[in-house]
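Notes follow once the structure below has been shown.
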Amino acid sequence: MPGRRHRRNEGHSPWRIRTDDSFGNLIVAREISALAAQRLVCGREELGFLDMRESGPHSEGHPLFAASLPYSVLEARIGELAPNRTAPLLLIDGGDATALAAAEILEDMGYASVAVVDGGTAGWEQCGLTLYEGVHVPSKTLGELAYERFEPPTIEPLELYEWQRQGKDFSLLDCRPAAEFAKKTVPGATCMPTGEILHRLSTLATDAPIVLTCAGRTRGIIGACSLALVAPTCEVVALENGTQGWALAGRELESGAMAESMPHLSGRQAEKTRSRAKEFISKFKIAIADANSAENLRRCPSRTTYFFDVRSEEETALDPLDAFRPFAAGQLLQATELAVGVMRSRLVLADCLGLRAAVAAFWLRVLGYDARVAFVDDEIRSLPAAEKPKPPSVDRAELDAESCLSEVRSGAARLLDVRPSGQFSRSCVEGSAWCSRPRIRELSTSCRWLILGGDGPQAELAAREFSRLGGRDYAVVRGGFEALRSAGAPIRKGIEIPASDAVDEASFARGRHDGDMRASRRYLDWETGLVSRLSTSERDSFAI
């Protein structure tokens, strides 16, 4: 809340915030105003801007460049999102002190510079700053800016339908991952994610139009723009508004389509891709990193460097790189904040032939990152994985399933299910309560709580929260929900958690992929309206 102050832990580096540029006054601040925060966000230095709220509230409105890092999974994800503990971190919440709690945890993990936005998102809005609905908003904005700048050709759904009906020769490629493709796609589409289209372009027939589709706009637009940059002679168009546009035009989508194996490159085709990569790298002055320079970048204490393997899932499984996190090129552009938590940081992208990495680096530069290409060789393969920041260990009580059931039946304890709300809704133990981590502080202190988790980190992190808060009797059930099911616990299915409570699921335009036409219209109106909402400083943050 406005006016609250957070104790300063001795031994941690203070973060010096410039509060008055006209006079150059510097103050040591742990909690800063929204206007001061905005200046940092749209500045030139590295900054991790992290929204501590759960996915639901985040999707209903957050600052443009605030990456979602729910407090529920803070310790589990911070090591990947912000691997350098010297990087300055700026936290925002809903004005409920969650960010202050997170700041204490991060300081205990060794992060040296952590500050909190005073008043949270309400304070941000009160200062006249915009909150943006949706998820992955910088990536979505990138797509709309690319559409405005490059004007890629598009095709209306009904015109594409006529092409199909008339038997016109063209390739229809769905540039999303296989799981999204299987959920719903345009009939006749072939699954080939954006980066793979570039990588395998020499295997495709390019003497007929190539039509790209995704669920909405971004990946189709970025794919069409990328193909035009790499192979200007190819005729490529994006399906207007993707699968949602197809459904809104009254056409049926196909469900359950299986992605076929992508075509393998012959030696001659691989050489063509390599040649295109070299030409693209030279034309757009993309930096290249070998194993030695990449490792030097990673060891630099004053900068944050990420290593990503942008090859296909099949390639990364057959030839894993210890130092590089697998993240397909197209998805890295579609949802950058899932992988990168520090703005204006450095990214090294590993690729065998270089084209996927080079094009991804081109777009990542527009987003403000210093992105470089690393060609996979034996030296790149030999780089070791970096050690991730870890929280201090916490002693926790544990209980086996049988003892748990005995306590519950006797009335000595209650079950607390901390799995994702969707899992709880589908199947839960009779009488158990569901709770997200931020709500643990609201639980009764007079009750003994037995924590049920699943295959994720939620149970461990809930236990850490109980320990941090103190004053509550708790234990973690070994084996979690599945152990209780196997032990004969009564199971209920189809429990509905009110949307206001299921805060761990994104709620903005929910249902747009499940036939809710109103949600689809709202989503597409939001997406096409993003650019007009940008402030001057926000727009200037994109080097389009």
Side-chain angles (χ1 to χ4, degrees), residues 1-2 4-9 11-15 17 29-34 36-37 40-41 46-59 62-63 65-124 304 337-338 340-343 388-394 418 435-443 456-458 460-470 503-504:
M1 294 175 56
R4 66 181 184 236
R5 287 292 176 263
H6 176 47
R7 63 180 176 82
R8 183 175 300 115
N9 288 350
H12 291 291
S13 301
W15 191 4
I17 305 300
R30 297 300 313 286
E31 194 168 32
I32 66 175
S33 72
L40 290 171
V41 170
E46 281 194 3
L47 178 70
F49 188 22
L50 306 173
D51 187 349
M52 293 292 108
R53 298 172 302 157
E54 301 302 295
S55 297
H58 174 83
S59 75
H62 61 273
F65 295 108
S68 176
L69 177 54
Y71 183 68
S72 288
V73 292
L74 172 61
E75 298 95 320
R77 290 196 56 212
I78 187 64
E80 287 184 339
L81 283 179
N84 180 9
R85 283 176 285 193
T86 68
L89 302 181
L90 177 63
L91 312 183
I92 194 167
D93 58 18
D96 58 358
T98 299
L100 293 173
E104 291 186 359
I105 291 171
L106 291 170
E107 288 173 344
D108 287 341
M109 292 179 66
Y111 285 88
S113 302
V114 185
V116 172
V117 178
D118 187 20
T121 51
W124 188 271
T304 302
E337 69 171 45
L338 289 182
V340 182
V342 179
M343 301 171 63
K388 296 175 185 175
K390 295 179 180 178
S393 59
V394 172
V418 294
C435 185
S436 62
R437 182 182 180 183
R439 302 287 290 272
I440 288 175
R441 60 176 175 257
E442 301 173 14
L443 296 176
Q458 284 82 5
E460 177 186 346
L461 297 177
R464 297 185 69 86
E465 190 67 7
F466 271 100
S467 177
R468 188 187 74 83
L469 292 169
V503 292
D504 61 327

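The closest side-chain heavy-atom distance from Leu106 to Ile78 is below 4.5 Å. Between Ser436 and Gln458, the closest side-chain pair of non-hydrogen atoms is not below 4.5 Å. Between Thr121 and Asp93 there is no side-chain heavy-atom pair separated by less than 4.5 Å. Using a 4.5 Å heavy-atom cutoff, the side chains of Thr98 and Arg441 are in contact.
Residues Leu81 and Ser68 approach most closely at CD1-O, 4.4 Å, considering heavy atoms. Considering all non-hydrogen atoms of both residues, Pro389 and Pro83 come closest at CG-O, 3.6 Å. Nearest heavy-atom pair, Leu89 versus Ala82, reported as atom, atom and distance to 0.1 Å: CD2-CB, 4.1 Å. When all heavy atoms are compared, the tightest approach of Ala103 to Val116 is CB-CG2, 4.2 Å. When every heavy atom of Met109 is checked against every heavy atom of Pro392, the shortest pair comes out as CG-CD, 4.3 Å.
For Glu460, the salt bridge (charged side-chain N to carboxylate O under 4.0 Å, His left out) criterion is met by no residue, not counting sequence neighbours. Applying the salt bridge (charged side-chain N to carboxylate O under 4.0 Å, His left out) rule to Arg85 yields no partners; only residues at least two apart in sequence or on another chain are considered. For Asp504, the side chain to side chain donor-acceptor pair (under 3.5 Å) test picks out Ser421, with sequence neighbours left out.
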Under the side chain to side chain contact (heavy atoms under 4.5 Å, CB included) rule, what do Leu461 and Tyr71 come out as? Steps first, then yes or no, please. CA-CA 9 Å; Leu461 297 177; Tyr71 183 68; over 6 Å; no
List the steps and the verdict of side chain to side chain contact (heavy atoms under 4.5 Å, CB included) for Val503 and His58. CA-CA 9 Å; Val503 292; His58 174 83; over 6 Å; no
Would Phe49 and Val342 count as a side chain to side chain contact (heavy atoms under 4.5 Å, CB included) here? Give the steps. CA-CA 7 Å; Phe49 188 22; Val342 179; over 6 Å; no
One pair to check against side chain to side chain contact (heavy atoms under 4.5 Å, CB included): Leu100 and Glu104. What are the steps and the verdict? CA-CA 6 Å; Leu100 293 173; Glu104 291 186 359; over 6 Å; no
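Atom CD1 of residue Ile92 and atom CG of residue Leu50 lie 11.0 Å apart, to the nearest 0.5 angstrom. Note that the OG atom of Ser113 and the CG atom of Leu90 stand 11.5 Å from one another [nearest 0.5 Å]. Rounding to the nearest 0.5 Å places CG of Asn84 at 7.0 Å from CD of Glu46. From Ile440, atom CD1 reaches atom CZ of Arg464 across 12.5 Å, with rounding to the nearest 0.5 Å. A distance of 10.0 Å separates OG of Ser55 from CG of Leu69, quoted to the nearest 0.5 Å. The distance from atom CD of Glu442 to atom SG of Cys435, rounded to the nearest 0.5 Å, is 7.5 Å.
Salt bridge absent: Asp118 and Arg30 never bring a charged side-chain N and a carboxylate O closer than 4.0 Å.
If you check the side chains of Glu54 and Ser72, you find a donor sitting under 3.5 Å from an acceptor. Side-chain N/O atoms of Asp51 and His62 include no donor and acceptor closer than 3.5 Å.
Applying the salt bridge (Lys or Arg N to Asp or Glu O under 4.0 Å) test between Glu75 and each of Arg468, Lys390, Arg437, Lys388 identifies Arg437 as the sole match.
The ring of Trp124 has its center no closer than 6.0 angstrom to the ring center of Phe65.
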